[in-house]
There are 2 protein chains.
Amino acid sequence: MMTIGEAARTSGVSAKMIRYYEETGLIPSAGRTGSGYRTYGPKDVQILRFVRRARDLGFPMEKVADLLALWRDRDRASADVKRLAQDQINALDQRIREMEAMKASLTHLVHCCAGDERPDCPILEDLGGPAPAPSQAQ
Amino acid sequence: MMTIGEAARTSGVSAKMIRYYEETGLIPSAGRTGSGYRTYGPKDVQILRFVRRARDLGFPMEKVADLLALWRDRDRASADVKRLAQDQINALDQRIREMEAMKASLTHLVHCCAGDERPDCPILEDLGGPAPAPSQAQ
DNA sequence: CTTGACCTTCCTATCATGGGAAGCCCCATA
DNA sequence: TATGGGGCTTCCCATGATAGGAAGGTCAAG
């Protein structure tokens, strides 16, 4: 049995976050010593490490909760886990594409900008330019 | 002169956000009618559109403020603008790389998972696995 | 018994945005 | 002129995941 500080060090989850995860119900409430200190065993640390790794893969906490539930369920179907993982890949892909689009726009603008001591700048001209014509789209 | 609602529609920035930008000093305080309604002219809408576009390129509000300052400064050096844009490209690149790494890990795990009705799942095994050996790194 | 490290709870902030309530204002129409 | 509906105002709250800090209790080593 260890204190929250030791559990934090061995799991890679900060003590702050461990308490937060407990408060929100993501993880079960830790045991307590007579004086109120939380206590953690190897199993608890494993759960925390699980959460940590799922977060490192970009899963939002809600999905981490789903993964934890499947992990605990010995009768799960691996298809359910795989679907969660695939959904997360798709979500990442979506965000990557959005950022790639931003990057492409910026890269174009940067290539058009002299980048010298003169004030003329196509980047600012683009940002401050007129609204694109609505082109009578219905 | 238009109301905040019209300014929102023509600039693409919500009325909520226009008030927030004003409150935080990103944009100058709007004029007011006798009865307290904010008023916006074409110049104000142009500023709002500028902010909107910079945000669409992923600039954090702090950098948007820097861009606005350069935009207003007729003696700016385009090099300063270009540097901000390049920094933003680098920041995007960083985040894209992080997400690509997550995606690669997940893709590997997904390929290893049967995805059927059986409970055996390498994804969960990986998440719940033991801590990687510290390998006596100093 | 003191000291310092650790634990507890509670409150605050972040970043950018949306939601909603309570109340005032403006305009058009009956 | 009265009324109704939509728009405006301010103020408060929530998000998601995390960090910071204050005030106070606890533990262990010296």
Side-chain angles (χ1 to χ4, degrees), chain A residues 1-27 29-40 44-45 48 50-68 88 91-92 94-95 98-99 102, chain B residues 1-27 29-41 44-45 48-68 88 91-92 94-95 98-99 102:
Chain A
M1 281 303 184
M2 46 180 110
T3 63
I4 197 171
E6 290 168 304
R9 280 187 290 277
T10 60
S11 71
V13 179
S14 73
K16 281 276 190 195
M17 290 315 297
I18 295 176
R19 294 192 196 96
Y20 173 71
Y21 291 156
E22 178 180 327
E23 182 191 319
T24 60
L26 180 70
I27 60 175
S29 294
R32 299 279 184 148
T33 67
S35 59
Y37 282 23
R38 288 175 179 82
T39 60
Y40 297 86
D44 301 308
V45 170
L48 289 170
F50 183 104
V51 172
R52 174 75 206 282
R53 287 180 186 169
R55 298 278 312 126
D56 285 348
L57 289 174
F59 284 97
M61 281 186 47
E62 191 189 353
K63 299 294 180 180
V64 175
D66 294 343
L67 287 168
L68 272 173
Q88 174 60 12
L92 286 169
Q94 171 81 24
R95 286 196 277 148
E98 288 168 3
M99 290 197 297
M102 294 179 192
Chain B
M1 281 302 185
M2 45 180 113
T3 65
I4 198 172
E6 291 168 301
R9 280 188 290 278
T10 60
S11 70
V13 179
S14 73
K16 280 277 192 197
M17 291 314 298
I18 295 175
R19 294 191 195 97
Y20 173 73
Y21 291 155
E22 177 180 326
E23 183 191 319
T24 60
L26 180 72
I27 60 175
S29 294
R32 299 279 183 145
T33 67
S35 60
Y37 281 22
R38 288 177 180 80
T39 60
Y40 297 87
D44 300 308
V45 170
L48 290 170
R49 214 152 33 210
F50 184 104
V51 172
R52 173 75 207 284
R53 287 180 185 168
R55 297 280 312 131
D56 284 349
L57 290 173
F59 285 97
M61 280 187 46
E62 191 189 352
K63 299 294 180 180
V64 175
D66 294 343
L67 287 167
L68 272 173
Q88 174 60 12
L92 286 169
Q94 171 82 22
R95 286 196 276 147
E98 289 168 3
M99 291 197 295
M102 294 179 191

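Residue numbers start from 1 in every chain, and the chains themselves are labelled A, B, ... in the order their sequence lines are given, proteins ahead of strands.
- An end-to-end axis angle of 30° holds for the helix from dC1(C)-dG30(D) to dA30(C)-dT1(D), taken from five base pairs per end and rounded to 10°.
- Taking 4.0 angstrom as the limit, R38(A) places a side-chain polar atom (N or O) nearer than this to OP1 or OP2 of dT8(C).
- Contact annotation: Y21(B) reaches the phosphate of dT17(C) (side-chain N/O to OP1 or OP2, under 4.0 Å).
- In this structure, R9(A) and R55(B) both approach DNA chain C, and ranking their closest nucleotides by distance from the 5' end singles out R9(A).
- The closest side-chain heavy-atom distance from Q88(A) to K63(A) is not below 4.5 Å.
- Using a 4.0 Å heavy-atom distance criterion, R19(A) is classed as a base contact.
- When the P atom of dA17(D) is taken as reference, atom CG of L48(A) falls 16 Å away, rounded to whole Å.
- Minimum interatomic distance between A7(A) and L48(A) (heavy atoms only, all atoms of both residues): CB-CD1, 4.3 Å.
- Contact annotation: the side chain of F59(B) never approaches that of D66(B) to less than 4.5 Å [non-hydrogen atoms, C-beta and beyond].
- Nearest approach of L68(B) to L26(B), heavy atoms of both residues: CD1-O, 3.6 Å.
- A search for side chain to side chain donor-acceptor pair (under 3.5 Å) contacts involving R55(B) returns nothing, not counting sequence neighbours.
- Residues T10(B) and Y40(B) are not in side-chain contact: their nearest non-hydrogen atoms beyond the backbone lie 4.5 Å or more apart.
- Distance, I4(B) CD1 to dG18(C) P: 13 Å, rounded to whole Å.
- The distance from atom CD of E22(B) to atom P of dC8(D) is 14 Å, rounded to the nearest whole Å.
- Of the candidate nucleotides dA16(C), dT9(D), dT8(C), dT9(D) has the atom lying nearest to any side-chain atom of R32(B).
- Judged purely by atom type and a 3.5 angstrom limit, R52(B) uses its side chain to pair as donor or acceptor with the backbone of G12(B).
- T3(A) comes within 4.0 angstrom of the backbone, heavy atoms only, and of no base.
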Got a list of protein N/O to nucleotides 20-24 of chain C N/O distances below 3.5 Å?
unit_1  : atom_1 : unit_2 : atom_2 : d
dG20(C) : O6     : K16(B) : NZ     : 2.3

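- With the nearest nucleotide of DNA chain C identified for both G34(B) and F59(B), F59(B) has the one nearer the 5' end.
- Side-chain contact between V45(A) and M2(A): present, with at least one pair of heavy atoms (C-beta onward) separated by less than 4.5 Å.
- At a threshold of 4.5 Å between non-hydrogen side-chain atoms, the residues M99(A) and M99(B) count as touching.
- Nucleic acid contact for S14(B): sugar-phosphate only, since backbone atoms but no base atoms lie under 4.0 Å from a heavy atom of the residue.
- Nearest-nucleotide positions on DNA chain D for Y20(A) and T33(A) put Y20(A) closer to the 5' end.
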